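Below is one structure, written out as C-alpha cells, with a few remarks after it.
Below, read A as the first sequence line, B as the second, and so on, with proteins coming before strands; counting in each chain starts at 1. A quick note: this is a predicted structure, and the numbers were derived from the prediction, not measured.
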Amino acid sequence: MSEAVKRKEPLFSPRNKKLIFNPLSKENPITVQVLGICSALAVTAKLEPAFVMSISVMAVLAAANVIISMLRNTIPSRIRIIVQLVIVAALVILVDQVLKAFAYDVSKQLSVFVGLIITNCILMGRLEAFAMGNKPWPAFLDGIGNAMGYAWILITIAFFRELFGSGTVWNYPVMENLGLYDLGYKNNGFMILPPMALIVVGIIIWIQRSRDKELVEEK
Amino acid sequence: MQEIFNIFVKSIFIDNMIFAYFLGMCSYLAVSKTVNTSFGLGLAVVFVLGITVPVDYLLNKYILEAGALSWLGKDFAEVDLSFLSFIMFIAVIASMVQLVEMAVEKFAPALYSSLGIFLPLIAVNCAILGGSLFMQEREYETIAEATSFGVGSGVGFFLAIIGIAAIREKITYSNVPAPLRGLGITFIITGLMGIAFMSFMGIKL
C-alpha cells in the first residue's frame with residue numbers, strides 16, 4: 001500500500017502542468033492543431049458571447065474528457081465515435097438549457113453555435129487523441145488546458161473586433177470616452193463582418209509563428 | 001416553385017456556409033491541399049446535406065416541435081421536445097452517413113472509391129449539423145424548401161472548397177513569408193474570398 005502511494009504522481013507534477021500550459025502556446029488548439037475554427041470565428045464579433053462560448057466549451061470539454069476517460073476501457077472501438085457523440089450531445093443539451101435559463105440574451109446571440117459545440121473538432125480531437133488513452137485526472141487537465149488555449153484566442157479576436165468595430169469593450173464605450181469621435185475617428189464597420197475574423201486569426205498566427213520558429217511550416 | 005429556387009440561390013451565395021457562417025472550417029482547411037481530394041469531399045457534403053436536412057425536417061415537424069406530437073392524440077398536443085433536437089439530429093446524421101456509405105458502396109463503387117474516407121468524416125463536420133440547426137431555426141414551410149436549402153448549402157461549401165484548393169495549389173509557387181506559410185495564408189485568402197462573396201449580400205430575393 002505504502003509503495004503504491006509513493007509511486008503515485010503528485011496532482012500537479014511537471015507532466016500534468018505541461019498538460020495545462022502547452023495548449024496555451026505551442027500546442028494551441030486553434031492556431032497550431034487547427035481544431036474548432038468554426039465556432040471560434042462566428043461568435044467573436046463581441047466580447048460577451050465569445051466569453052460565454054469559451055466557458056461553455058470549457059465545461060463540455062472537461063466533463064466529456066473525464067467521462068470518456070473513465071469509460072475508455074469499456075467502449076468498443078468500432079462504435080466509439082457514436083458513443084462520444086452521444087455523451088457530448090447530452091452535455092451540450094445541459095449547457096444549452098443552463099444558458100437559456102440564466103443568460104437568455106447571450107444564448108439568442110449564439111443561436112445555433114451552442115449546438116455546434118457537439119461537432120466542434122476540439123472535442124472529437126481531444127477525446128480521440130487524449131481521453132481514450134489516459135486516466136481521468138490528466139484528461140481533466142488536458143480538457144481545461146485546451147479549452148483555455150481556445151478561450152484566449154477567442155477573447156483576443158473578440159477584443160480587437162469589438163474595439164475597432166463597435167468602439168466598445170464589453171459594451172463599455174471606450175472610444176467615446178477617449179473623445180476620439182470628436183477628433184473625427186470613425187468605427188470600422190468592416191471589423192464586425194465575418195471575413196475580418198479570418199484575417200485577424202491569420203495575423204495572430206503570423207505573430208505567433210514569427211516569435212516561435214519551430215512552428216513554421218515546411219515548404 | 002419560385003420560393004424554392006430563391007432559397008437555393010440564397011443558400012449558395014448569400015448565406016454561404018463557409019464565408020458567412022464559418023461552418024465546416026475544420027475539414028475545409030484540412031482537406032483543401034489539392035483540387036482532387038477537395039472535389040471528393042465537396043461532393044460528399046452536397047450528398048449528405050441533401051439527405052439529412054429533409055430527414056431532420058420531418059423529424060422536427062412530426063416529433064420534436066412544440067405541438068408536433070398532436071397526431072398521436074389530444075394528450076400529446078402540448079408536448080415540446082425541442083430540447084432533444086441536438087441529440088436527435090446528431091444521431092440521425094451519424095446513422096444516415098453510415099447508411100449512405102453502405103448504399104454508395106453497394107450501388108456506385110466508382111463514386112465510393114472517389115469519396116473514400118471522406119464519408120465517415122462527414123458525421124462530425126459542423127456544416128452538416130449546422131444545416132439541420134439552421135433549418136430548424138428558420139422554420140422552412142415545406143419539405144421541398146428544406147431540401148433545396150440542404151442541397152444549396154452543400155453546393156456553397158463545394159464551390160468554396162474547390163476555390164480555395166485551386167488557389168492553394170497555385171500559391172505553392174509563390175514566395176509567402178515563412179511564418180505565414182500554410183495555415184496563416186490560407187486564413188487570409190479565405191477572408192479575402194469572403195469579402196468577394198459579400199458583394200452578394202445586398203441582393204434581395
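Other residues, nucleotides and ligands contribute over 12 non-hydrogen atoms within 6.0 Å of the CZ atom of A/F130.
Pairing each heavy atom of A/S54 with each of A/Y150, the nearest pair is CA-CE2, 4.5 Å.
Of all the listed residues (A/A197, A/A89, A/G115), the one sharing the greatest number of non-hydrogen pairs under 4.5 Å with chain B is A/G115. Contact tally against chain A (heavy-atom pairs below 4.5 Å) for B/F197, B/F134, B/F19: the top residue is B/F134. Note on B/L23, B/L183, B/T190, B/I188: by heavy-atom pairs under 4.5 Å with chain A, the leading option is B/L183.
Distance check: A/N73 CG to A/M132 CE gives 8.5 Å after rounding to the nearest 0.5 Å.
In this structure, chain B has a heavy atom under 4.5 Å from the side chain of A/L193, while its backbone stays farther away. When heavy atoms are compared at a cutoff of 4.5 Å, B/A178 approaches chain A by way of both its backbone and its side chain. Within the 4.5 angstrom heavy-atom criterion, no atom of B/M193 approaches chain A. Of the two parts of A/L116, the backbone and the side chain both hold a non-hydrogen atom closer than 4.5 Å to a non-hydrogen atom of chain B.
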Exercise. Determine, stepwise, if the pair B/Y140 / B/Y57 fulfils ring-ring contact (aromatic ring centres under 6.0 Å, His included).
Key: CA-CA 9 Å; B/Y140 288 117; B/Y57 172 82; 8.2 Å; no
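If you look at B/F158 and B/F39, their ring centroids are closer than 6.0 Å.
Formation of a donor-acceptor pair under 3.5 Å by the A/E162 side chain with backbone atoms of A/W170 is found in this model.
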